[in-house]
Amino acid sequence: MQRIYNIIPGVPVYDNSFMDNIFTLIDSVKFNNWIEVNEDIYNCNFLKKNKEFYVLYLDPTGIVKRLFLTQCTEIIIFMKERINYAHCEGVDIAICTTQFDNAVICNHDGQVFLLFEDNM
């Protein structure tokens with residue numbers, strides 16, 4: 001059986017401070033400030049303005065956490081293969097800019113939430 005975090009594209013990052021920066025950003029934002037974008041994520045500036053991202057796998061049990069540095073094209077392909085809002089299929093990941101100033105949260109129900117978007 002292949003573990004889901006083994007199929008996330010990118011290079012593993014073992015520096016826990018990067019993971020801490022992502023959690024700090026996510027925890028600093030109230031839930032009602034996240035914008036549910038789902039399939040519209042592919043049209044958002046979030047993906048258009050950045051070449052690479054940190055992708056944090058979040059095991060639903062909270063036990064496993066893995067961090068990867070991933071190219072934009074790779075994470076888009078991964079998302080299109082693994083996240084399907086219409087069929088309630090997804091993966092629990094957080095995608096964060098390398099500047100730690102914006103993030104996307106995807107869940108196992110296929111929902112995609114964006115922290116904020118300029119000129120969406």
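Sequence positions, counted from 1, serve as the residue numbers for this chain. All values below were derived from every heavy atom in this structure, side-chain atoms included, with hydrogens, water molecules and symmetry-related copies excluded.
Follow the hydrophobic side-chain contacts under 4.5 Å out from Leu47 and you never reach Ile77; the two are in separate clusters. Note on Ile7: it clusters hydrophobically with Val55, by side-chain heavy-atom contacts below 4.5 Å among ILVMFWY residues. Criterion: ILVMFWY side-chain heavy atoms under 4.5 Å apart, direct or through other members. Under it, Tyr42 and Ile75 are part of a common hydrophobic cluster.
Listed by chain and residue number, Thr97 satisfy the side chain to side chain donor-acceptor pair (under 3.5 Å) test with Asp101 (two or more places apart in sequence, or in another chain). Taking the side chain to side chain donor-acceptor pair (under 3.5 Å) definition, one finds that Asn107 meets it with Gln111, sequence neighbours left out. With sequence neighbours excluded, the residues satisfying side-chain contact (heavy atoms from CB on, under 4.5 Å) with Asn33 are Val29, Lys30. With sequence neighbours excluded, the residues forming a side chain to side chain donor-acceptor pair (under 3.5 Å) with Ser17 are Asp15, listed by chain and number. A search for ring pair (Phe, Tyr, Trp, His ring centres under 6.0 Å) contacts involving Tyr14 returns nothing, not counting sequence neighbours. The side chain to side chain donor-acceptor pair (under 3.5 Å) search around Glu52 returns Gln71, not counting sequence neighbours.
Taken to the nearest 0.5 Å, the CZ atom of Phe53 stands 7.5 Å off from the CD1 atom of Ile76. A distance of 8.0 Å separates CG of Asn102 from CG of Asn50, quoted to the nearest 0.5 Å. A distance of 8.5 Å separates CG of Leu115 from CD1 of Ile105, quoted to the nearest 0.5 Å. Distance check: Ile41 CD1 to Phe113 CZ gives 11.5 Å after rounding to the nearest 0.5 Å. Atoms CG and CD1, from Leu58 and Ile22 in turn, are 9.0 Å apart once rounded to the nearest 0.5 Å. One finds the CG atom of Leu56 at 11.5 Å from the CG atom of Asn21 (value rounded to the nearest 0.5 Å).
A distance-only check finds no donor-acceptor pair linking the side chain of Lys51 to the backbone of Cys72 [under 3.5 Å].
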Next item on the list: Report the C-alpha distance between Trp34 and Ile26 in whole Å, list the side-chain angles of each, state the deciding distance to 0.1 Å, and finish with yes or no for side chain to side chain contact (heavy atoms under 4.5 Å, CB included).
Entry: CA-CA 10 Å; Trp34 290 88; Ile26 292 169; 4.2 Å; yes
Checklist line | Step-by-step side chain to side chain contact (heavy atoms under 4.5 Å, CB included) determination, Tyr54 to Leu69 | finding: CA-CA 5 Å; Tyr54 289 110; Leu69 183 61; 3.8 Å; yes
If you look only at distance, which donor and acceptor atoms sit under 3.5 Å apart when one is on a side chain in residues 84-96 and the other is two or more places apart or in another chain?
from, atom 1, to, atom 2, distance (Å)
Asn84, OD1, Ala86, N, 3.1
Asn84, OD1, His87, N, 3.0
Asn84, OD1, His87, ND1, 3.2
Asn84, ND2, His87, ND1, 3.0
Asp92, OD1, His108, N, 3.0
Asp92, OD1, His108, ND1, 3.1
Asp92, OD2, His108, ND1, 3.2

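Annotation: side chain of Lys65 is in contact with side chain of Phe23 (closest heavy-atom distance under 4.5 Å). Contact of the Glu36 side chain with the Asn38 side chain is registered, since non-hydrogen atoms from C-beta on lie closer than 4.5 Å.
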